[in-house]
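Below, all heavy atoms of this structure are taken into account, side chains as well, without hydrogens, waters or symmetry copies.
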Amino acid sequence: MRWGLIGVGAFSAYGIGANNVCVIIGPYLAAGILNETVLTVLISSAIFLGFLRANKQVIRTLSSGLFPLGPLESFIAVFGAALTLFAFSSTTFKAGLTFLGLPSLPLIPISVTHAVIGAIVGLALAKGRFGLKTANLGCVLAAWALVPIISGLISYGILTIVGLFGV
């Protein structure tokens, strides 16, 4: 089980890089500030440093704050989330689905947090929902609704301030 968890952890880290790095690199490439290789190295380094400083409260929420996870449940949740990240970022997977005549998924960045929490909720539902901490899930869902609004307001405010100074 330990080696399985290490393997799916590595696969999940690959999925984070393949899927979420583009969210950060895309706007910089569009602006023509740096080339793709330099941006990839800088962003990957920043992600690595972020992993070293991981927020312990987030770790607690994902490990037991929503649903108690044992080794098997942890393996399934991480593997399910990693497969989801892979499916939404792999051109090869998309081409394979198209070749088989199946509908393909759009190649868009998705949140690793959404994928992991979805996997944990799926596990809880498969186990009869016993142990699912709905109050904590409600807080997560509320945050998901607030984040785009807050981010939009912050961006609007920054652009307004920059515009006041004629930059």
Check: Is the side chain of S45 donor-acceptor paired with the backbone N or O of V41 at a distance under 3.5 Å, no angle test?
Finding: yes
Notebook entry, point to check: Could you walk me through whether T84 and V112 pass the side chain to side chain contact (heavy atoms under 4.5 Å, CB included) check?
Noted result: CA-CA 9 Å; T84 304; V112 66; over 6 Å; no
Checklist line | Within-4.5 Å side-chain heavy-atom neighbours: T113 and V140 | finding: no
Item checked: Whether H114 and W144 hold their rings parallel, tilted or perpendicular, with breakpoints at 30° and 60° -> parallel
Margin query: With rounding to the nearest 0.5 angstrom, report the CG to CG distance, L72 to L123.
Written below: 8.5 Å
Check: For the residue pair I120 and A77, what are the closest heavy atoms and their distance?
Finding: CG1-CB, 4.1 Å
Notebook entry, point to check: Quick one: SG on C139 to CG on L66, what's the gap to the nearest 0.5 Å?
Noted result: 10.0 Å
Notebook entry, point to check: So do the side chains of L85 and I110 get within less than 4.5 Å of each other, counting heavy atoms only?
Noted result: yes
Note to self: For F67 versus A124, what's the shortest heavy-atom pair and its separation?
What the structure shows: CD1-CB, 3.5 Å
Check: Measuring from S89:OG to I108:CD1, what's the distance to the nearest 0.5 Å?
Finding: 11.0 Å
Notebook entry, point to check: Heavy atoms, side chains only, cut-off 4.5 Å: are F88 and F93 in contact?
Noted result: no
Margin query: For a quick test of reading the model, state the closest non-hydrogen atom pair linking S74 to L69 and the distance between them.
Written below: OG-CB, 3.6 Å
Next item on the list: Taking all heavy atoms of S104 and all of K94, pick out the closest pair and write down the distance.
Entry: OG-NZ, 3.4 Å
Next item on the list: Tell me whether F75 is reachable from L125 by hopping between hydrophobic residues (I, L, V, M, F, W, Y) whose side-chain heavy atoms are closer than 4.5 Å.
Entry: yes
Margin query: So, taking the atom named OG1 in T37 and the one named CG in L42, what distance separates them when rounded to the nearest 0.5 Å?
Written below: 11.0 Å
Checklist line | Distance-minimising heavy-atom pair for P103 and L97 | finding: O-CD1, 3.8 Å
Next item on the list: To the nearest 0.5 Å, tell me how far L153 CG sits from I158 CD1.
Entry: 11.0 Å
Checklist line | Spacing of L34 atom CG and T40 atom OG1 [to the nearest 0.5 Å] | finding: 10.5 Å
Check: Out of curiosity, does V8 fall in the hydrophobic cluster containing M1 (side-chain heavy atoms, cut-off under 4.5 Å, transitive links)?
Finding: yes
Margin query: Please give me the minimum heavy-atom distance between G131 and P68, naming the atom from each residue.
Written below: O-CD, 3.6 Å
Margin query: Tell me whether S90 contacts the main-chain N or O of F86 through its side chain, where contact means a donor paired with an acceptor under 3.5 Å.
Written below: no
